[in-house]
Amino acid sequence: MIDFLNWLDGILWGLPLIVLMIVTGLYFTVRSGFFQFRYFGWIMKRTFGKIFQKDTENENEKGMLSAFEAISTAIGGTVGFGNIAGVATAVAAGGPGAVLWMWLTACLGMILKQVEVTLGCYYRRTNEKGDYYGGPTYYMERGLGEEHHWGKLWLIPAVIFGIGIFSTFFVTSSTLTASQVVAGAFHFDGITIGGMKIEGVIIVGILVCALTFVITGGGTKRIANIFSKLVPFMSALYILMGIAMILANITSAPAAVASIFTNAFTGTAAVGGFAGCAVSQMVRVGMARSVYSNEAGWGTSPMIHASAKTRHPVEQGLWGSFEVFFDTFVVCSITALSVILSGMWTDGTNGGTLALSAFSSSFGTVGSLLLAVIMVIFTVTTSGGWFTYYLAILEHLYKKEGLLKTIIMKIFYAIRVLPGLLWTIYLVKTDNQGFIWTLVDITSAIPTFVNVAVILILSNQYFKLLKDYKARYLGIGKVDENMRLFYEDAAAAGKTSK
């Protein structure tokens with residue numbers, strides 16, 4: 001079974017998906033006039049530059065979340081254990097060169113996420129309570145099914161995408177990673193009850209799941225409100241800790257950065273417990289971890305961004321570009337450099353254990369304890385962010401209020417943290433952590449493949465919106481006063497076209 005899953009992982013993250021993502025990313029990059037590079041300053045001004053300002057601009061816009069609440073929830077879902085355990089695993093499996101492929105993937109990911117967030121906002125809809133929801137299944141229904149006249153055939157990619165996304169509900173390693181770091185930092189081996197020993201990682205896992213259960217109890221609005229306060233603190237703490245780690249090893253930093261570039265095209269030889277790898281393995285590992293970390297092309301973030309108040313779909317799409325930049329070029333880079341500088345990536349460990357060892361090597365117990373706190377926050381925000389994604393899909397599946405929807409929602413709310421706890425128990429007992437990362441790769445590849453193909457098909461709608469955005473806010477071109485900025489408005493006005 002494990003051999004089959006490893007084979008499937010290699011196929012899914014093999015040439016077809018890699019080519020699709022690169023070609024699609026280059027297509028949007030070139031056709032948009034290299035928008036994510038040429039207008040990087042504008043993107044930062046309209047995103048990071050607004051974080052410290054009172055958000056009054058969109059007070060009268062339709063939506064249930066502010067732009068900052070949406071980006072906090074999205075970053076909470078993306079900036080998590082994947083940035084720590086995932087990046088550490090990428091370096092351990094592919095060597096320092098894998099980091100460059102993460103960066104290159106993120107360059108294209110900035111435009112891919114901008115496109116999917118833009119489409120998610122454009123094609124969004126309201127439920128019977130007046131709350132806004134959107135995402136890939138919504139633009140599959142309206143973009144493929146209605147505008148492109150696919151009829152009911154839109155259900156095929158939507159079902160495959162939905163199954164792929166929901167599989168992550170049952171396959172998760174975030175709780176395990178946080179529990180390992182916390183138990184390791186506090187040297188907590190566990191307790192013995194009635195002659196039976198309960199491992200410390202499992203006990204911590206129960207506590208982390210309980211905290212996640214409480215925070216996610218209020219639905220999307222409450223999660224977004226909490227995350228708008230928690231995520232900035234979480235991110236700042238980790239960035240400061242990472243910078244301190246780099247400064248503590250500043251004399252070795254140039255060589256560490258150089259190894260990222262030199263090894264990316266030559267492969268990495270076996271060193272210590274590291275088995276060595278070829279360039280092809282670096283590319284695959286780097287791209288897979290990049291997508292898993294920043295979720296560009298995965299189709300997840302549009303499900304929360306679609307709920308935001310925004311003056312224009314592309315305006316919200318800018319937050320998608322910022323999200324990828326912050327996630328990969330800031331947070332992931334800090335983790336990667338910390339792990340490389342520690343020199344421990346060659347000793348055969350990976351995941352949260354490797355990250356913990358890296359920070360402990362420079363800061364001792366203080367570093368371990370700080371990372372433990374950060375990992376708990378990361379895990380809660382990751383779980384909470386993904387919880388809002390599952391809700392968006394369920395809202396689309398059960399559009400009308402009724403007994404069935406009520407029952408499904410109650411069951412989902414009741415068991416929402418159970419899979420993470422069960423995986424923690426299983427992996428602690430079997431000590432087979434490589435298995436979970438194989439499943440993680442598979443569950444990210446399937447929806448990514450479907451979503452990237454769909455946004456490519458719907459590309460004309462994105463470029464129509466981008467042209468309008470440039471005219472309205474960048475002074476490039478003439479504004480079309482008849483342009484409808486959201487699908488529901490366009491449909492009401494009879495303006496939709498293929």
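Values in this document were obtained by computation on a predicted structure and should not be read as measured data. Position 1 is the first residue of the sequence; numbering continues from there.
Residues Y462 and Y122 keep their aromatic ring centres 6.0 Å or farther apart. Ring pair Y390/F166: centre-to-centre distance below 6.0 Å.
When every heavy atom of L421 is checked against every heavy atom of I202, the shortest pair comes out as CD1-O, 4.5 Å.
E315 is not listed as a side-chain neighbour of C121, based on a closest heavy-atom distance of 4.5 Å or more. Using a 4.5 Å heavy-atom threshold, the side chains of F186 and L369 count as touching. Residues Y469 and I476 have side chains not in contact (no heavy-atom distance under 4.5 Å, counting atoms from C-beta outward). Two residues are said to be in side-chain contact when any heavy atoms from C-beta on lie closer than 4.5 Å; V201 and F188 fail this criterion. Within the 4.5 Å cutoff, no side-chain heavy atoms of Q36 are placed close to those of C107. Contact of the R46 side chain with the W319 side chain is not registered, since no non-hydrogen atoms from C-beta on lie closer than 4.5 Å.
Y473 carries R311 over the face of its six-membered ring, with the cationic atom under 6.0 Å from the centre and within 45° of the normal.
Between the side chains of Q114 and S321, at least one donor-acceptor pair of N or O atoms lies under 3.5 Å. There is a side-chain donor-acceptor pair under 3.5 Å between S301 and E323. No side-chain donor-acceptor contact under 3.5 Å links E116 and H305.
For R472 and D468, the salt-bridge test passes: some basic side-chain N is under 4.0 Å from an acidic carboxylate O.
Rounded to the nearest 0.5 angstrom, K467 NZ and L474 CG are separated by 14.5 Å.
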Does the side-chain contact (heavy atoms from CB on, under 4.5 Å) test come out yes or no for L237 and M241, once each step is laid out?
CA-CA 6 Å; L237 182 60; M241 188 175 174; 5.7 Å; no
Set out, in order, the CA-CA distance, both residues' side-chain angles and the distance that settles side-chain contact (heavy atoms from CB on, under 4.5 Å) for F28 and F463, then state yes or no.
CA-CA 9 Å; F28 281 112; F463 286 114; 3.5 Å; yes
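Of the options L337, I246, I340, V99, a side-chain contact (heavy atoms from CB on, under 4.5 Å) to V257 is made by L337 and by none of the others.
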